[in-house]
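Numbering of ligands and ligand atoms starts at 1, following listing order.
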Amino acid sequence: MVVSTLDMRALIAAEMKTYVSEDEGNFCEELQSPYFEDPIVQFAAAHDSLFEEYKRVVGPDHATPQEAFERSFGTGSFDEGTVISVVLPISEKIRKANRAQKARASKEWALLRTFGDEYFIRSARQHLAGYLTGLGYRAVAPLDTEWYSINGAAGGPVSNWSERHIAYAAGLGTFSINDGFISEKGIAIRLLSVVTDLQVPPDMRASSVLGHTGNCLLCSKGICGVCITRCPVQAISKEGGHDKIACMKFVYGEESREWAVLNGGEAKSGAGCGLCQTKVPCESRNPMRAAR
Ligand code: B12
């Protein structure tokens, strides 16, 4: 049977949808809720010139898809291919609980941080890579490699594979004033990606008129700024954007680790925070689409 490249896109999207809805790692018994709802799956061409630009935008160590692939499969192993990016929208029950919070993450968000972010997303990345391998393609999830790292920089931590920049390249949305990524399912999401030598048509990026922050109401229309008032440590401002160091100290500091454990999570994950991702107009939709 010959499967067209368009059918391959649909097959992969359907596989991830089934995985997210059926895998028991995506269900929290204590909350009687899944961590994540139906994913959005989109595709970027591995040789998109934007990936070269990321060496300037993110940092010189940010890997191109070709570098990511060849670090796993050997120099010269890559010719053409695709980066698959997946948005995992956080479930309504978890978002709702965090909406009520004013000072720190809810119990639900803390459990999501350990068991959703750390465990389920890793298994979902590996599932996608394994699925492609089963179809006869080579695939790697950069976050699961030995070369993936997060390095300290003056402005805050920077990784050498940024899931948000990958999602941007795949046309899944844009950044916000608070750095968060706003997709069609909003900002209360998580992201994952895989690089493969499978070739499929890439998704289009929305018009670049509004730039890389086009989905943010404050950046695009000068209105909103709700995330600024939601932040419990004043780490977001209209002028300065997002203070990553202040955010990091709060989100993954000692108190956050203790709060994670008190709520049944693991200290090393911290409890997260996510107040800038909940009770905001972009929580679960693209507010610019709603505004048009
Ligand atoms: C390091 C890190 C952090 C650091 C620093 C965050 C940061 N902004 O970089 C700290 C500890 C502060 C942090 C906090 C949180 N994080 Co975090 N974090 C990461 C991590 C590991 C790497 C991020 C990275 O490399 N950033 C690199 C820098 C350069 O990127 P940046 O600042 O976002 O990029 C800016 C510039 O590039 C700029 N830009 C300038 N010119 C141009 C031009 C173009 C063309 C483009 C595209 C961009 C661009 O746009 C961006 C926004 O200003 C990722 C996982 C991953 N590997 O991707 C998760 C990740 C970003 N975190 C995530 C989450 C959920 C959180 C928290 C909500 C905590 C929680 N779990 O409760 C908070 C929210 C903070 C926030 N508002 O962003 C999610 C993002 C979800 C989303 N909707 O965006 C990710 C993707 C994890 C995941 N698997 O889903 N995080």
Side-chain angles (χ1 to χ4, degrees), residues 36 44 48-59 61-63 85-90 94 98 101 104-106 108-110 112-114 116-118 120-122 124-125 141-145 148-153 155-183 185-193 205 208 211-216 219 227-228 230-231 233 235-236 240-253 256 259-260 265 269-278 280 282-284:
F36 301 108
D48 190 319
S49 59
L50 190 55
F51 293 115
E52 286 296 338
E53 206 182 320
Y54 286 167
K55 295 217 178 267
R56 179 183 59 78
V57 171
V58 182
D61 294 336
H62 198 267
S85 179
V86 180
V87 169
L88 291 168
I90 295 168
I94 297 173
N98 222 45
Q101 296 297 112
R104 58 183 169 186
S106 63
E108 289 79 355
W109 198 271
L112 163 80
R113 175 74 202 118
T114 293
D117 291 15
E118 298 287 334
F120 180 70
I121 295 184
R122 185 178 306 122
R125 281 194 304 262
L143 262 65
D144 298 323
T145 61
Y148 171 71
S149 61
I150 304 170
N151 300 305
V158 178
S159 71
N160 55 4
W161 187 262
S162 166
E163 299 285 19
R164 295 199 271 223
H165 290 77
I166 302 307
Y168 180 85
L172 280 161
T174 81
F175 293 78
S176 137
I177 183 75
N178 66 42
D179 288 346
F181 190 81
I182 307 176
S183 69
K185 286 283 184 178
I187 195 168
I189 56 163
R190 297 293 184 265
L191 297 162
L192 66 91
S193 65
R205 280 191 284 281
S208 58
H212 70 278
T213 52
N215 289 350
C216 175
C219 296
C227 62
I228 296 175
R230 284 279 285 158
C231 179
V233 291
I236 312 164
H242 178 222
D243 178 342
K244 293 178 196 174
I245 308 264
C247 176
M248 178 179 65
K249 284 184 183 156
F250 182 69
V251 169
Y252 298 119
S256 171
W259 187 236
S269 317
C273 172
L275 266 64
C276 64
Q277 305 198 330
T278 47
V280 290
C282 58
E283 178 185 302
S284 58

- prompt: Is the ring centre of His165 less than 6.0 Å from the ring centre of Phe175?
  reply: yes
Applying side chain to side chain donor-acceptor pair (under 3.5 Å) to Ser193 and not counting sequence neighbours gives Trp161, Glu163
Flag side-chain contact, heavy atom, 4.5 Å: Arg230 against Thr278 | yes
By salt bridge (charged side-chain N to carboxylate O under 4.0 Å, His left out), Glu108 pairs with (sequence neighbours left out) none
Interatomic distance, CG@Asp243 vs CG@Asp179, rounded to 0.5 Å, equals 10.0 Å
Residues at least two apart in sequence or cross-chain that pass side-chain contact (heavy atoms from CB on, under 4.5 Å) with Cys276, listed by chain then number, are Asn178, Cys227, Ile236
Near ligand 1 (heavy atom, under 4.0 angstrom), the protein residues are Tyr54, Val57, Val58, Trp109, Arg113, Asp117, Leu143, Tyr148, Ile150, Pro157, Val158, Ser159, Trp161, Ser162, Glu163, Arg164, His165, Tyr168, Phe175, Asn178, Asp179, Gly180, Phe181, Ile187, Ile189, Arg190, Leu191, His212, His242, Lys244, Cys247, Met248, Val251, Tyr252, Gly272, Cys273, Gly274, Cys276, Gln277
